[in-house]
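As C-alpha cells, the structure follows; a few thoughts come after it.
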Amino acid sequence: MSTPLHPWNLAPKEAIALQTQLAKRLVLSDRIDPVRYIAGVDIGFEDQGATTRAAVVVLQWIPSSAPNFSVVEQVVHREPTRMAYIPGLLSFREIPAALGAFAKLSTKPELVMVDGQGIAHPRRLGVAAHLGLWLELPTIGIAKSRLTGTHAEVGEERGDWEPLYAGTEIIGAVLRSRARVKPVYVSPGHRLTLETSLKWVMRCLGRTKLPEPTRLADRLASRRDQKRRSLDKR
DNA sequence: GCGACAG
DNA sequence: ATCTTGTCGC
C-alpha cells in the first residue's frame with residue numbers, strides 16, 4: 001500500500017496545482033478485475049451545510065439475471081464540512097467524507113460509480129478521477145449537469161449519446177439514460193476507457209436516469225431520505 | 001473585462 | 001447541495 005497522501009485543506013491555488021499533477025497519474029485504459037461488486041458514492045449535507053454526509057452502497061453484480069444486482073451493503077458516514085463548494089474543486093470538499101464511508105465498508109468493490117465528473121473537468125481531475133487515484137480502483141463519474149466541454153444535441157431515446165469534447169479531445173459522453181429526460185454526463189475516472197465506462201453505466205440503468213449504484217447512494221445521502229426513514233420508524 | 005461554473 | 005407545495009403524468 002503506497003497511498004499518495006496529500007493534504008485536503010489546501011488553498012484554491014494549491015489545490016488547482018495539485019490537480020494538474022495528479023491528473024498525470026490517471027490510467028485511462030481498462031485495468032479492471034472481473035466485477036463482482038459495484039459501489040455507488042454520493043454526498044449530502046445537513047445543518048445548513050455544517051455537516052457532510054457520505055453514503056456508499058455496494059451492489060452485487062449478477063450476470064444474466066433480472067435484475068442484475070442486489071444490495072449487499074450500505075454505509076453512511078458524517079463529519080464536519082471542511083471547505084466551501086468551489087466549481088472545479090469539488091473533490092477536496094467531498095472526498096474526505098467519502099473516504100470515511102469507505103473505511104467502514106467490509107466489501108471491496110471492483111468498480112466505483114461516483115456522482116460527479118470523472119475526467120470531464122478543466123484539469124481532468126473531477127471527483128471520480130481523484131477518488132479513483134486515492135482508492136486505486138476503477139471509477140466512473142456520472143454527473144447530472146455539465147461542468148466543462150461541448151457536445152452536439154443528443155437523440156431523445158434511451159442509449160443515445162454524443163461525445164463530450166474539450167477542443168478535439170473526447171473527455172466523456174452525454175448519455176440519454178432515460179427517454180426524453182435530461183441526459184447525464186459520463187466520463188471515466190481511473191483505470192477505464194470511456195467505452196467501458198458507458199457499457200457499465202448502461203448495464204446498471206434501471207427505471208430512472210441514474211444508474212442504480214449512484215441512485216441508491218443518492219437516496220441514502222439525501223436530506224429527504226433521512227426524513228423519510230425517521231418517519232417510518234414511528 | 002464578461003460569463004460559466006459538478007455538488 | 002439545500003430551502004420548499006403543489007402539480008402534471010405514467
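Residue I95(A) is out of contact with every strand shown, counting any heavy-atom pair closer than 4.0 Å. The residue Q48(A) sits apart from the nucleic acid: no heavy atom pair falls under 4.0 Å. Heavy atoms of G44(A) sit under 4.0 angstrom from primed sugar atoms or phosphate atoms, though from no base atom. Using a 4.0 Å heavy-atom distance criterion, G141(A) is classed as making no nucleic acid contact.
Atom CG in L125(A) sits about 16 Å away from atom P in dA6(B), given to the nearest Å. Summarising the geometry, the separation between CG on D115(A) and C1' on dA6(B) is reported as 8 Å, rounded to the nearest angstrom. dC10(C) atom P lies 11 Å from atom CZ of R180(A), rounded to whole Å. As a whole-Å value, the separation of F45(A) CZ from dA6(B) C1' is 12 Å. Taking atom CG on D218(A) and atom C1' on dG7(B), their separation rounds to 10 Å, with Å as the unit. Residue L90(A) contributes atom CG, which lies 10 Å from atom P of dA1(C) at whole-angstrom precision. Atom OH in Y185(A) sits about 9 Å away from atom P in dC5(B), given to the nearest Å. Rounded to whole Å, the distance from CD1 on I142(A) to C1' on dA6(B) is 12 Å.
Between T148(A) and dC5(B) there is no side-chain polar atom (N or O) within less than 4.0 angstrom of OP1 or OP2. In terms of phosphate contacts, K144(A) brings no side-chain nitrogen or oxygen within less than 4.0 Å of OP1 or OP2 of dA6(B). In this model, the phosphate group of dC5(B) is approached by a side-chain N or O of R146(A) to a distance below 4.0 Å at OP1 or OP2.
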Test side-chain hydrogen bond (donor to acceptor under 3.5 Å, both in side chains) on D218(A) and T214(A); report intermediate values, then the result. CA-CA 6 Å; D218(A) 231 300; T214(A) 50; 5.7 Å; no

Run the salt bridge (charged side-chain N to carboxylate O under 4.0 Å, His left out) test on R191(A) and E136(A) for me, step by step, so that the C-alpha distance in whole Å, both residues' side-chain angles and the decisive distance to 0.1 Å come before the verdict. CA-CA 9 Å; R191(A) 294 171 57 173; E136(A) 295 187 359; over 6 Å; no

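Aromatic rings of H130(A) and F92(A) (six-membered ring for Trp) have centroids within the 6.0 Å cut-off, being under it.
Applying side-chain hydrogen bond (donor to acceptor under 3.5 Å, both in side chains) to E157(A) and the options R178(A), R176(A), R180(A) leaves one that passes, R180(A).
Residue ring and base: Y85(A) counts as stacked with dG7(B) (centre distance below 5.5 Å, interplanar angle below 30°).
Taking a 6.0 Å sphere around NZ of K199(A), one finds it holds more than 12 heavy atoms contributed by other residues, nucleotides or ligands.
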